[in-house]
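Beneath this line is the structure, given in structure tokens, with notes to follow.
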Amino acid sequence: MKRILVTGAAGQIGSDLIVYLRDRYGKNNVLATDIREPAEEIKEEGPWEKLDVTDASNINRIIEDYEIDTIYHLAAILSARGEKNPQLAFKVNILGTYNVLEAGVKYELERIIIPSSIAVFGPETPKDNTPNETVLRPTTMYGITKVTGELLGNYYFKRFGVDVRGVRFPGIISWKTLPGGGTTDYAVEMFYYAVQGKKYTCFLREDTYLPMMYMPDAIRALVELAEAPVEKLKHHTDFNLSAMSFCPKELEKEIKKYIPEFEVEYKPDYRQEIADSWPRSIDDSAAREEWGWKPQYDLPLMVKDMLHNIGKKFGKDIV
Ligand code: SER
């Protein structure tokens, strides 16, 4: 892992991952790519290129130009946006992943990391403490593309020896870059409304439990899995990951400990059906056993850190 390409670097996870990887492996060894312009900080501190992951020739050109040996493939259309435009989700998520895997074979890449999601599960999956090995019958296009990505990654490992790895992320909460197009996005939006003294209208029911994770844990999970010795891994592309589970009402209450006047109204929309098809909590014992995964942030710690950082963004000293 000497020369790393990150796709989707302008997104919620990408913009935090780029900073972490550049710190760890050297600024010039981590190439940020995205179809959109990333933040100034990302462009100024290291190399960046515009990249549409559905364009295989551009992926290949970039790998050659920068002598890439590792890819973190984050570019994807998330669940809610995917239901608005399933054709686009299919194209970006399936073709993008296929192009990256094929590049893995062509250039004998050392490692490819492709995040998966709790969206691989569906209404028939056990909802509580969902096991790693269980029913994968998602009802969203996003979920279908993520199951496909997991299966393809395992296939490319067995068939072509490409070392593909991935975790099933829960909803990711962070303050640096807003998420876009996900069903779990409410858990980030709520903070921005609270800090700005605005009432928030939540698009999920107040009792909708979903698995969630704070960004520092998510980044550490990706990099720890990427660096784990391959002989320790029985799974490759499909590790369940867990950190915390809560419902919107619990998040509202935790935020109110710091901002008591904060108000939330609940008006579920089409995203409720997506959330209802996903687990409430996750069993991540495979990740704990095979590469020592352990989360550090629970709900109270996450809320405190989020309010501190988003408060600072708006010049407010909340925590
Ligand atoms: N956070 C994602 C979404 O809501 C789940 O992977 O789509």
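The residues of the chain are indexed from 1 along the displayed sequence. Because the structure is predicted, anything quoted here is derived from the model rather than measured.
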Does some side-chain heavy atom of [Y] sit less than 4.5 Å from a side-chain heavy atom of [X]?
X	Y	result
Leu51	Ile35	no
Glu290	Lys232	no
Phe169	Met213	yes
Thr130	Asp283	no
Arg205	Asp276	yes
Asn60	Tyr107	yes
Ile282	Leu241	no
Leu251	Phe191	yes

Say you draw a straight line from [atom1] of [X] to [atom2] of [Y]; how long is it, rounded to the nearest 0.5 Å?
X	Y	atom1	atom2	value
Thr183	Leu210	OG1	CG	8.0 Å
Thr70	Leu31	OG1	CG	12.5 Å
Met212	Glu250	CE	CD	11.0 Å
Asn93	Thr54	CG	OG1	11.0 Å
Ile113	Leu74	CD1	CG	10.0 Å
Leu21	Ile4	CG	CD1	5.0 Å

Minimum-distance pair of heavy atoms, taken over all atoms of [X] and [Y]:
X	Y	answer
Asp207	Cys247	C-CB, 3.7 Å
Glu227	Met1	CG-CE, 3.7 Å
Lys43	Pro38	CE-O, 3.7 Å
Tyr186	Pro248	OH-N, 3.4 Å
Gly311	Ile318	CA-CD1, 4.0 Å
Ala32	Ile42	CB-CG2, 3.6 Å

Could you please spell out the steps behind the side-chain contact (heavy atoms from CB on, under 4.5 Å) verdict for Val164 and Tyr155?
CA-CA 9 Å; Val164 188; Tyr155 180 82; over 6 Å; no
Exercise answer: donor-acceptor pairs, residues 170-178 side-chain atoms, under 3.5 Å, sequence neighbours excluded:
{"residue": "Ser174", "atom": "OG", "partner": "Gln12", "partner atom": "NE2", "Å": "3.1"}
{"residue": "Thr177", "atom": "OG1", "partner": "Ser15", "partner atom": "OG", "Å": "2.6"}

So, the side chain of [X] versus the backbone of [Y]: is there a donor-acceptor pair under 3.5 Å, distance only?
X	Y	result
Thr145	Ile94	no
Arg165	Asp238	no
Lys146	Ile118	no
Ser116	Arg168	no
Thr208	Leu204	no
Gln296	Asp217	no
Ser277	Ile274	yes
Asp305	Leu301	no
Asn85	Leu88	yes
Thr148	Ile144	yes

For Lys84, does the NZ atom have more than 12 heavy-atom neighbours from other residues, nucleotides or ligands under 6.0 Å away?
no
Does Lys253 NZ have over 12 foreign heavy atoms under 6.0 Å away?
no
Do the side chains of Ile18 and Tyr72 join up, straight or via other hydrophobic residues, at under 4.5 Å, putting them in one cluster?
yes
Same cluster or not: are Leu5 and Leu101 linked, directly or through other Ile, Leu, Val, Met, Phe, Trp or Tyr residues, by side-chain heavy atoms under 4.5 angstrom apart?
yes
Salt bridge (charged side-chain N to carboxylate O under 4.0 Å, His left out) partners of [range], not counting sequence neighbours, each pair once:
range	result
residues 109-120	Arg111-Asp163
residues 53-64	Glu49-Arg61, Arg61-Asp65
residues 119-131	Glu124-Arg137, Asp128-Arg280

Derivation of the side-chain contact (heavy atoms from CB on, under 4.5 Å) call for Asn58 and Asp52:
CA-CA 8 Å; Asn58 211 16; Asp52 173 355; over 6 Å; no
Contact list for residues 310-319, test side-chain hydrogen bond (donor to acceptor under 3.5 Å, both in side chains), sequence neighbours left out
Tyr192-Lys313
Residue list, salt bridge (Lys or Arg N to Asp or Glu O under 4.0 Å) with Glu189, at least two apart or on another chain
none
Contacts of Phe160 meeting ring pair (Phe, Tyr, Trp, His ring centres under 6.0 Å) (sequence neighbours excluded), chain-then-number -> Tyr156
Residues which pass ring pair (Phe, Tyr, Trp, His ring centres under 6.0 Å) with Tyr98, listed by chain and number, not counting sequence neighbours:
none
For residues 256-268, which side-chain donor-acceptor pairs fall under 3.5 Å, sequence neighbours excluded?
{"residue": "Lys256", "atom": "NZ", "partner": "Glu252", "partner atom": "OE2", "Å": "2.6"}
{"residue": "Lys257", "atom": "NZ", "partner": "Glu254", "partner atom": "OE1", "Å": "3.0"}
{"residue": "Tyr266", "atom": "OH", "partner": "Glu252", "partner atom": "OE1", "Å": "2.7"}

Between Glu37 and Lys50, is there a side-chain N and carboxylate O pair less than 4.0 Å apart?
no
Pairs in or reaching into [range]: which pass ring pair (Phe, Tyr, Trp, His ring centres under 6.0 Å), with residues at least two apart or in two chains?
range	answer
residues 19-69	none
residues 230-251	Phe157-His236, His235-Phe239, Phe239-Trp291
residues 207-232	Tyr214-Tyr297

Do you know which of Ile62, Ile114, Thr33 makes side-chain contact (heavy atoms from CB on, under 4.5 Å) with Thr7?
Thr33
Distance alone, cut at 3.5 Å: any donor-acceptor contact between the side chains of Glu150 and Asn154?
no
Residues Met215, Ile13; criterion side-chain contact (heavy atoms from CB on, under 4.5 Å); working and verdict
CA-CA 7 Å; Met215 186 64 90; Ile13 299 177; 4.1 Å; yes
